[in-house]
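Remarks on the structure that follows.
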Amino acid sequence: MKTIGLIGGTSWHSTITYYRIINETVAKKLGGHNSAKIILTSINYEAIERLAHKNDWKGIATLLSDEAKKLEGAGADFFLICANTLHKVADEVEGNVKIPLLHMVDAVAAEIKRNNLKKVGLLGTTFTMEDRSYGGRLAKYGLEAIVPDETTRKEIHGIIFNELTKGIFTEESRNKYKAAIDSLKKNGAEGIILGCTEIPLLIRPEDVDIPIFDTTKIHSIAAAETALISA
């Protein structure tokens with residue numbers, strides 16, 4: 001079994017979900033008392049948030065690269081960045097280590113294609129929704145990503161940083177997200193990417209009548225399956 005490296009803490013609420021799903025997947029596939037081999041480095045999310053809102057992505061890349069090097073030195077065979085937004089600098093981080101990155105967007109794109117969809121709505125931070133690094137990577141797989149209008153994007157972003165990353169989940173915010181999903185559906189979205197690892201803690205499949213793609217779950221399962229290749 002390969003050893004999985006996780007850069008977590010962004011936020012710690014969703015990192016818990018990564019740890020649980022990876023181990024559940026390994027246990028289900030191997031049975032017995034099997035669990036995953038994981039090395040976790042958990043960063044202080046406050047540092048990331050401050051850098052992001054100063055638009056200091058070079059600083060974020062340096063911070064994440066240092067953590068990836070720790071994972072590499074500790075014996076990880078590959079690593080994950082446990083956050084959608086931080087994949088904005090994923091290529092730079094991967095370039096600073098020798099072990100491969102299991103890219104979240106690649107895993108999500110594969111799952112969307114397995115469901116035979118072409119056009120999907122994307123919810124996440126404004127960094128994710130407005131930056132072409134996420135939607136552009138999806139486009140390489142022949143997928144079109146659409147996002148809410150500017151006002152809704154700001155509202156979605158605010159809920160993530162002011163509530164979800166602090167472990168606050170309210171019915172009012174759930175309804176706002178559901179309204180955004182309905183609007184994307186009316187604009188042709190065949191499915192919705194929950195493009196922030198905290199959103200699946202707020203929006204559940206039963207909350208909407210359109211396929212949703214839980215990026216945390218998809219990325220976690222892909223990590224477990226990658227670890228078991230040639231195991």
### Task
Could you please spell out the steps behind the side-chain contact (heavy atoms from CB on, under 4.5 Å) verdict for E225 and I229?
CA-CA 6 Å; E225 291 177 341; I229 293 174; 5.8 Å; no
### Task
Please tell me if the side chains of I146 and V120 come closer than 4.5 Å, counting only heavy atoms from C-beta onward.
no
### Query
With distance as the sole test, does N23 use its side chain to make a donor-acceptor pair with the main-chain N or O of A36 at under 3.5 Å?
yes
### Message
Membership question, hydrophobic clusters at under 4.5 Å side-chain separation (ILVMFWY): are I48 and L101 in the same one?
### Response
yes
### Value rounded to 0.5 Å, distance of CG in L194 from CG in L202
9.5 Å
### Message
Is there a continuous path of hydrophobic side-chain contacts, each under 4.5 Å between heavy atoms, that joins W57 to M129?
### Response
yes
### Query
Can F213 be reached from I221 by stepping across I, L, V, M, F, W or Y side chains whose heavy atoms are under 4.5 Å apart?
no
### Task
Indicate yes or no: at least one non-hydrogen side-chain atom of V26 is less than 4.5 angstrom from one of M1.
yes
### Query
Under 3.5 Å, side chain of K113 to main-chain N/O of Y141, donor-acceptor pair present?
yes
### Task
Could you pull out the closest heavy-atom pair between I99 and E72, with the gap in Å?
N-OE2, 3.4 Å
### Query
Crowded around R20 CZ? As in, over 12 foreign heavy atoms under 6.0 Å?
yes
### Message
Could you check whether any side-chain heavy atom of F79 comes within less than 4.5 Å of a side-chain heavy atom of I4, counting everything from C-beta outward?
### Response
no
### Query
For the residue pair E92 and S65, what are the closest heavy atoms and their distance?
O-OG, 4.3 Å
### Query
Less than 4.0 Å between a side-chain N and a carboxylate O, is that true for E190 and K118?
no
### Query
Atom CD of E130 and atom NZ of K154: how far apart are they, to the nearest 0.5 Å?
8.5 Å
### Message
Please check this pair: side chain of N44 against backbone of E46, looking for a donor-acceptor N/O pair closer than 3.5 Å.
### Response
yes
### Task
For the residue pair T85 and T128, confirm or rule out a side-chain donor-acceptor distance under 3.5 Å.
yes
### Message
Checking T152 against D149 for the side-chain contact (heavy atoms from CB on, under 4.5 Å) test, could you report, in this order, the C-alpha distance in whole Å, the side-chain angles of both residues, the deciding distance, and whether it holds?
### Response
CA-CA 5 Å; T152 304; D149 60 65; 3.0 Å; yes
#### Entry: Pair Y19-I38, side-chain contact (heavy atoms from CB on, under 4.5 Å): steps then yes or no
CA-CA 8 Å; Y19 188 83; I38 296 174; 3.8 Å; yes
### Query
Can you check whether I112 reaches V108 side chain to side chain, under 4.5 Å on heavy atoms?
yes
### Query
Are the side chain of R153 and the backbone N or O of P148 linked by a donor-acceptor pair below 3.5 Å?
yes
### Query
Would you say E198 and S11 make side-chain contact, with heavy atoms under 4.5 Å?
yes
### Task
Step through it carefully: locate the ring centre of H53, locate the ring centre of F127, and say whether they are under 6.0 Å apart.
yes
#### Entry: Smallest separation among heavy atoms of I39 and L71, with atom names
O-CD2, 3.4 Å
#### Entry: Heavy-atom closest contact (I43 atom, E67 atom, distance)
CG2-CG, 3.4 Å
### Task
Taking atom types as modelled, find out whether H219 and Y18 have a side-chain donor-acceptor pair closer than 3.5 angstrom.
yes
### Query
If you look at every heavy atom in I22 and A223, which pair is closest and at what distance?
CD1-CB, 4.1 Å
## Note on the structure
In this structure, OG of S220 is separated from CG of L102 (nearest 0.5 Å) by 10.0 Å
### Task
Look only at the side chain of E163 and the backbone of S173, and say whether a donor-acceptor pair between them is shorter than 3.5 Å.
no
### Query
Looking at D209, V208, D207, which one forms a side-chain contact (heavy atoms from CB on, under 4.5 Å) with I181?
V208
### Query
For the side chain of Y177 and the backbone of I156, is there at least one donor-acceptor N/O pair under 3.5 Å apart?
yes
### Task
Could you tell me whether a side-chain N or O of H87 sits under 3.5 Å from a main-chain N or O of M104, the two making a donor and an acceptor?
yes
### Message
Can you tell me how far apart OG (S14) and OH (Y45) are? Round to the nearest 0.5 Å.
### Response
8.5 Å
### Query
Hey, what do you get for OG1 (T197) to CG (L164), rounding to the nearest 0.5 Å?
9.5 Å
### Message
With clusters defined by side-chain heavy atoms of hydrophobic residues (ILVMFWY) lying less than 4.5 Å apart, directly or transitively, does F169 cluster with I203?
### Response
yes
### For I193 against T215, the heavy-atom pair lying closest together
CG2-CG2, 3.7 Å
### Message
Strictly distance-based, threshold 3.5 Å: is any side-chain N or O of S183 a donor or acceptor partner for the main-chain N or O of A179?
### Response
no
### Message
For the OG1 atom of T10 and the CD atom of E49, what is their distance to the nearest 0.5 Å?
### Response
12.0 Å
### Query
Would you call K37-D77 a salt bridge at under 4.0 Å N-O?
no
### Query
Would R174 and T170 count as a side-chain contact (heavy atoms from CB on, under 4.5 Å) if you check the C-alpha gap in whole Å, the side-chain angles of each, and the deciding distance to 0.1 Å?
CA-CA 6 Å; R174 180 175 291 111; T170 69; over 6 Å; no
### Task
Not counting sequence neighbours, which residues clear salt bridge (Lys or Arg N to Asp or Glu O under 4.0 Å) with E155? List them please.
K176
### Task
Kindly work out whether a path of hydrophobic side-chain contacts (I/L/V/M/F/W/Y, heavy atoms less than 4.5 Å apart) joins I21 to L80.
no
### Query
If we only count heavy atoms from C-beta on, is the R137 to D91 side-chain gap below 4.5 Å?
yes
### Query
Around F161, counting heavy atoms of other residues, nucleotides and ligands shown, do more than 12 lie under 6.0 Å from its CZ?
yes
